[in-house]
Every structure is written in C-alpha cells, then in structure tokens.
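Notes for the one structure printed next.
These numbers were taken from a predicted model, which means no experiment stands behind them. Letters go in sequence order (proteins before strands), and every chain restarts at 1.
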Protein chains: 2
Amino acid sequence: MAAAYDLDRTLSALADPTRRRVVDLLTERPRRAGEIAETFGMSRPAMSRHLRVLRTHGLVEEKRDTADARARVYRLRPEPIDELSTWIGEVQRFWDDQLESFRQLADKKNREKSRTRKTMKTMKTMKKRTGR
Amino acid sequence: MAAAYDLDRTLSALADPTRRRVVDLLTERPRRAGEIAETFGMSRPAMSRHLRVLRTHGLVEEKRDTADARARVYRLRPEPIDELSTWIGEVQRFWDDQLESFRQLADKKNREKSRTRKTMKTMKTMKKRTGR
DNA sequence: TTAATAGTTAACTTGACCGTTAACTACTGG
DNA sequence: CCAGTAGTTAACGGTCAAGTTAACTATTAA
C-alpha cells in the first residue's frame with residue numbers, strides 16, 4: 001500500500017503544465033527524450049529535467065533504445081496514476097456521504113414541516129450530482 | 001466542458017501538501033478557517049492564503065457562518081475533483097490501450113514462434129495490471 | 001462604547017523551481 | 001580515430017510561492 005507521501009510527490013510532479021502534457025503525450029506511446037522536447041518546442045536540457053522529475057517521482061521509466069543506445073525512451077508507469085485515482089475516489093465517496101447526510105436531514109425536515117421551494121432546489125442539485 | 005487549463009489549476013492547487021490535506025479534512029465536513037489553521041498548527045495568515053488559493057482555483061467555497069458572521073466556513077466543491085477524475089480515467093484508458101496493442105503483438109509473435117520464458121513473464125505482468 | 005475575537009491583507013525574507021547556455025558523457029557511423 | 005548525434009549535468013538569473021509578523025476590517029458581547 002502506498003503512503004500519502006507518494007501521493008504528494010505525484011501531485012507535485014503533475015503540477016507543472018509541461019509535465020502534465022508529457023504524461024498526456026506518453027499515454028499514446030513511449031517516446032524518445034528528444035522527440036518529447038521537440039513536441040513542446042523546449043530546449044533539451046529543460047525537458048531533460050522535467051523527465052528526471054517524472055522519473056524520480058515514479059511516473060515514468062527510462063530505457064535505452066535497443067536500436068540506438070544513445071537514445072532514451074520514456075514510458076508511463078501506471079502505479080502513481082492508480083494511487084491518485086484511488087485518492088480521488090475516496091474524496092468523491094466522502095463527498096457523497098456528506099450529501100447523503102444532508103439529504104437525510106432535509107428529508108427529516110420535510111417530514112416535520114411541509115416542502116418549501118428552497119428544499120426542492122436542493123433536491124434538484126442532488127440529482128444533478130449523481131450523474132458522475 | 002472544462003478546459004485543460006482548469007485541470008492545471010486544480011493540480012497546482014493540490015500540489016501543496018498542506019492544501020491537499022485541507023481537502024482531505026474537508027471531505028469529512030465543512031470547517032471554519034481558524035479550525036483548519038489550528039488543525040495543521042499553522043499561523044492563520046498562512047492558512048488564509050492557502051484557502052484563498054483553493055477558493056480561487058475552485059476547489060472550495062466560502063460562506064459566512066449563520067450564527068457568527070465573523071467566522072468563514074469552507075466546504076469542498078466537487079467539480080474540480082470530478083474533472084481531475086475524468087482526466088485520470090482517460091490516462092488509465094489509454095494506458096490500457098497500449099497494453100492491448102502490446103498483448104496483440106505478443107500473441108502474434110507467439111503464433112509465429114514458440115513461447116519463450118520472457119513472454120510468459122510479460123503475460124503475468126498484464127494479468128496483475130487488470131486488478132485496477 | 002469598548003475590548004476581544006475571527007479572519008484577511010500587507011510587507012518582507014527565504015527557498016525552490018524553470019529555462020537558457022555551456023560543458024560533459026556516451027554512442028554511432030564513416 | 002573522429003566528426004556528429006542524443007542526452008544529461010552544471011552554473012546562472014529571474015520569478016514565484018510559502019511562512020512570519022504587523023496592521024487592518026468586521027463582528028460580537030460586555
């Protein structure tokens with residue numbers, strides 16, 4: 001099981017727009033470092049450092065090209081993304097729990113009093129929310 | 001539909017460990033600013049700025065306490081989290097597509113040649129991956 | 001009205017991050 | 001060998017973000 005520490009590192013790696021777009025690019029297929037730098041019109045040293053951050057934070061892995069040992073090929077690692085996904089799921093679930101508590105409170109009030117316009121509006125918001 | 005720009009803002013907001021933990025705290029229930037600052041043993045001005053970042057980036061919303069108008073109550077907004085969740089899902093899906101292509105390539109090779117130990121190892125990795 | 005409370009804003013300092021150029025390593029191919 | 005290519009590391013400058021203390025606004029309550 002991964003620690004929250006890793007999650008923070010994943011988020012800090014993805015906080016830079018360039019790095020987030022590199023992740024997007026690598027979902028398509030693995031690519032060489034120079035190819036990635038060129039895609040974003042950035043100097044190779046700059047991209048090299050971004051790739052190092054992504055690598056040391058576990059989001060990508062690097063391998064030498066079998067055909068040309070000068071080239072380094074970067075590919076995504078799924079683990080950090082999966083961990084982030086798990087955290088997101090937890091946040092969404094707890095949020096839904098709050099909604100449920102609120103719904104029960106609203107229902108209770110509805111039983112005690114009569115329905116008001118404001119309560120109806122609230123119910124509408126809840127319904128919209130379920131479409132996630 | 002939300003732009004990728006918002007996604008970058010969401011990620012930059014969550015990149016700070018303190019802010020990410022504030023989000024965790026607020027999944028439980030809305031809280032007052034001072035309560036949040038105290039929870040993390042941080043000065044109120046410092047937390048106030050974190051809360052401002054979370055608010056301007058759409059992750060939380062602020063309301064005055066109905067009982068005490070001095071207090072400001074912060075609660076989570078689900079939209080940025082949902083958008084992030086969507087992006088994560090796309091990354092995971094594309095990654096699975098790569099796996100599928102790789103699997104097909106491996107199968108083709110298996111048909112042409114005989115099975116090798118390395119291929120078996122690859123199959124094992126794939127199976128492990130499906131447990132998401 | 002006045003002291004206290006809740007919170008934000010302002011001013012300042014410190015530390016980290018991003019991009020560039022230059023220098024370096026390692027491999028390729030003639 | 002040697003010139004060229006792929007990529008990283010080093011050094012530098014500029015910008016931005018985070019925390020602290022002090023000052024300010026607004027509200028409460030005596």
Side-chain angles (χ1 to χ4, degrees), chain A residues 4-5 8-26 29-76, chain B residues 4-5 7-26 29-76 80:
Chain A
Y5 178 69
D8 287 337
R9 287 175 61 80
T10 299
L11 285 167
S12 72
L14 293 176
D16 183 272
T18 298
R19 287 196 293 265
R20 196 191 63 73
R21 281 161 179 77
V22 168
V23 169
D24 268 338
L25 185 69
L26 292 182
R29 59 180 167 82
R31 290 178 194 259
R32 290 154 58 129
E35 195 181 351
I36 300 171
E38 194 180 1
T39 299
F40 296 100
M42 183 175 292
S43 70
R44 291 204 261 205
M47 185 54 74
S48 180
R49 279 194 21 201
H50 281 307
L51 291 171
R52 182 170 58 181
V53 171
L54 288 172
R55 182 166 45 77
T56 59
H57 292 208
L59 279 90
V60 304
E61 62 187 7
E62 175 220 279
K63 279 182 191 160
R64 297 296 178 121
D65 190 324
T66 51
D68 183 351
R70 286 173 302 179
R72 311 199 180 184
V73 179
Y74 288 88
R75 73 170 62 231
L76 279 182
Chain B
Y5 178 70
L7 186 54
D8 286 337
R9 287 174 61 80
T10 299
L11 285 166
S12 72
L14 293 175
D16 183 274
T18 298
R19 288 196 293 265
R20 195 191 64 74
R21 280 163 181 75
V22 169
V23 169
D24 268 338
L25 185 69
L26 292 182
R29 59 180 167 81
R31 289 176 195 258
R32 291 154 56 128
E35 196 182 351
I36 300 171
E38 194 180 1
T39 299
F40 296 102
M42 183 175 292
S43 70
R44 291 205 262 201
M47 184 55 74
S48 180
R49 278 188 34 191
H50 280 307
L51 291 171
R52 183 171 57 181
V53 170
L54 288 172
R55 181 167 46 76
T56 60
H57 292 208
L59 278 91
V60 303
E61 62 187 6
E62 175 221 280
K63 279 183 190 160
R64 297 295 179 123
D65 190 325
T66 52
D68 183 350
R70 288 174 300 181
R72 311 199 179 184
V73 179
Y74 287 88
R75 76 170 61 232
L76 279 183

Select base, sugar-phosphate, or nothing to describe what [X] touches, counting heavy atoms under 4.0 Å on all strands.
| X | answer |
| --- | --- |
| B/R19 | sugar-phosphate |
| B/A69 | sugar-phosphate |
| B/R49 | base |
| A/R44 | base |
| A/F40 | nothing |
| A/D65 | nothing |

- Message: Can you work out whether A/A46 or A/A67 has the more 5'-proximal nearest nucleotide on DNA chain C?
- Response: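 Between the two, 5'-proximity favours A/A46.
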Is it true that a side-chain atom of B/R19 and a backbone atom of B/A13 form a donor plus acceptor pair closer than 3.5 Å?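 Looks like yes, one N/O pair under 3.5 Å.
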inquiry  = Given 3.5 Å as the limit, does a donor-acceptor pair link the side chain of B/R44 with the main chain of B/A33, or not?
reply    = no
Rounded to whole Å, how long is the line connecting atom [atom1] of [X] with atom [atom2] of [N]?
| X | N | atom1 | atom2 | answer |
| --- | --- | --- | --- | --- |
| B/M47 | C/dG7 | CE | P | 12 Å |
| A/D16 | C/dC17 | CG | P | 11 Å |
| A/R64 | C/dA26 | CZ | P | 9 Å |
| B/E38 | C/dG7 | CD | P | 10 Å |
| B/R55 | C/dG7 | CZ | P | 14 Å |
| A/D8 | C/dA16 | CG | P | 17 Å |

Quiz item: For C/dG19, does OP1 or OP2 lie under 4.0 Å from any side-chain N or O of A/H50?
Solution: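 For C/dG19, OP1/OP2 do have a side-chain N/O of A/H50 under 4.0 Å.
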Discussion item. Less than 4.0 angstrom between a side-chain N/O of A/S43 and OP1 or OP2 of C/dG19, yes or no?
Written reply: no
Distance col, row A/M47:CE vs A/L51:CG, nearest 0.5 angstrom, shows 6.0 Å
Which two nucleotides bound the region of DNA chain D that has atoms under 4.0 Å from heavy atoms of chain A, read 5' to 3'?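 Using the under 4.0 Å cut-off, the span is D/dG4 to D/dA11.
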The salt bridge (Lys or Arg N to Asp or Glu O under 4.0 Å) partners of A/E35 (sequence neighbours excluded) come to A/R29, A/R31
Hey, are the side chains of [X] and [Y] touching, using non-hydrogen atoms and a 4.5 Å cut-off?
| X | Y | answer |
| --- | --- | --- |
| A/L11 | B/R20 | yes |
| A/T18 | A/M42 | yes |
| B/I36 | B/L26 | yes |

For the side chain of A/R70 and the base of C/dT28, is some donor closer than 3.5 Å to an acceptor across the two? no
